[in-house]
Amino acid sequence: MKLECHNLDCGYGKKIVVSGVELTIQPGSINTILGANGCGKSTLLKTIGRLLKPSAGTVLLDGENINVMFRNGTLARRLAILTQKHETPNELTVEELVSLGRYPYCRNRLSFTLRDREAVERAIAMTSLEELRHREIGTLSGGECQRARLAMSLAQEPELLLLDEPTTFLDVCCQFEMLELVKQLNRERKMTVIMVLHDLNLAAAYSGNLIMMKSGRIVCSGKPEEVLTSQVLRDVFSIESEILRLPDGRIFCAATGSTRQK
């Protein structure tokens, strides 16, 4: 699924947060949006996911405007978004929450099909939630709840997966496990992924393309070694850094100090 943004402005009401975005996401790629707090990362992601309506410009999926097309539930079968904050009913069990991911397929029928049940089971298994499937959401830890919400998104069987800070609430080991799962989905299902992350090194390790934002605009995009340079990090994050290349070829960023005046 190819995604394009053309001259995109978006925000909240009359307040424009992101402006003039030109962006192309290639099918089957993993992309991460980076930038300082408040730069518009989540706003851009929500607009791509049609949670926000653009103030100007267009978002295209395979050449079709998402705010004109897909009004019959088709978009929800092709795109899933995991937002940073989401009100989830505490009384739902994990299995019930994951099953909600099949709603776009069940609008015109009263019961689950075998395919629906199999999709829910796969999503639960891929996120290692088998032992928690009968637990209520209100009894879960933050990390367990995050996995359950990801499983709900996976049950949609989307072609495009949008993740807003998916490693929030997760310990270091679980962060790697979560992103390994994302990488697996991309590899096995050819799923296109757009994430928002704060950790530069996780982004470099798990993304083929990085999108750097500052003050509501895209500063640059490209491969990790092209985007993560000392100059870019100085301009975007106001930090001094050393950029290292690990033995396996990955880029590693070591922050060495702030450039902000005291």
Side-chain angles (χ1 to χ4, degrees), residues 5 7-26 29-48 52 55-57 82-85 142 146 162-176 178-179 182-183 193-262:
C5 299
N7 199 27
L8 187 67
D9 294 354
C10 50
Y12 305 89
K14 295 182 179 180
K15 182 180 180 181
I16 302 299
V17 177
V18 174
S19 59
V21 167
E22 293 286 338
L23 179 65
T24 299
I25 301 295
Q26 296 298 332
S29 59
I30 300 180
N31 310 265
T32 297
I33 305 173
L34 297 166
N37 290 338
C39 73
K41 301 184 299 296
S42 295
T43 302
L44 176 58
L45 196 75
K46 290 176 183 177
T47 305
I48 292 172
L52 294 174
S55 302
L82 178 62
T83 56
Q84 186 178 358
K85 296 180 181 179
Q146 188 79 328
L162 308 179
L163 303 171
D164 192 359
E165 298 188 33
T167 55
T168 300
F169 305 122
L170 302 183
D171 61 36
V172 174
C173 180
C174 288
Q175 289 179 28
F176 281 106
M178 176 69 76
L179 294 179
V182 170
K183 187 174 181 180
V193 180
I194 307 175
M195 302 186 287
V196 170
L197 292 176
H198 279 291
D199 190 307
L200 300 176
N201 293 314
L202 284 178
Y206 288 96
S207 310
N209 185 58
L210 301 181
I211 302 156
M212 192 70 76
M213 293 187 67
K214 180 180 180 181
S215 302
R217 294 183 178 274
I218 294 178
V219 175
C220 59
S221 64
K223 297 177 181 179
E225 60 268 26
E226 298 169 342
V227 172
L228 296 180
T229 67
S230 295
Q231 184 60 54
V232 169
L233 297 183
R234 188 179 301 115
D235 292 343
V236 173
F237 291 101
S238 300
I239 60 169
E240 296 291 357
S241 61
E242 291 187 18
I243 309 301
L244 310 174
R245 187 176 290 274
L246 301 179
D248 61 4
R250 287 181 300 161
I251 296 295
F252 184 86
C253 304
T256 59
S258 170
T259 63
R260 291 176 183 168
Q261 294 181 348
K262 303 297 184 181

Could you give the distance from NZ (Lys183) to OG (Ser207), rounded to the nearest 0.5 Å?
10.0 Å
Out of curiosity, Leu34 CG to Lys214 NZ, how far, rounded to the nearest 0.5 Å?
15.0 Å
Roughly how far, to the nearest 0.5 Å, is CD1 of Ile30 from CG of Leu210?
11.0 Å
Shortest non-hydrogen contact from Thr229 to Glu225?
CG2-O, 4.1 Å
Under the salt bridge (charged side-chain N to carboxylate O under 4.0 Å, His left out) test, which residues partner Arg234, sequence neighbours left out?
Glu240
Can you see which heavy atom on Lys41 is nearest to which on Val196, and at what distance?
CE-CG1, 3.7 Å
Mind checking side-chain hydrogen bond (donor to acceptor under 3.5 Å, both in side chains) for Ser19 and listing every partner two or more places apart, or none if nothing turns up?
Arg217
So, using side-chain contact (heavy atoms from CB on, under 4.5 Å) as the criterion, who are the partners of Thr24 when residues are at least two apart?
Lys2, Glu4, Gln26
With sequence neighbours left out, write down each residue that passes side-chain contact (heavy atoms from CB on, under 4.5 Å) with Asn37, or none if nothing qualifies.
His198
Heavy atoms of Gly20 and Asp9 approach each other most closely as N-OD1, 2.8 Å
Listed by chain and number, what are the side-chain contact (heavy atoms from CB on, under 4.5 Å) partners of Val21, not counting sequence neighbours?
Cys5, Leu8, Val18, Leu23, Leu44, Ile218
Here the gap from Thr167 atom OG1 to Asp199 atom CG, rounded to the nearest 0.5 Å, amounts to 7.0 Å
Under the side-chain contact (heavy atoms from CB on, under 4.5 Å) test, which residues partner Glu226, sequence neighbours left out?
Lys223
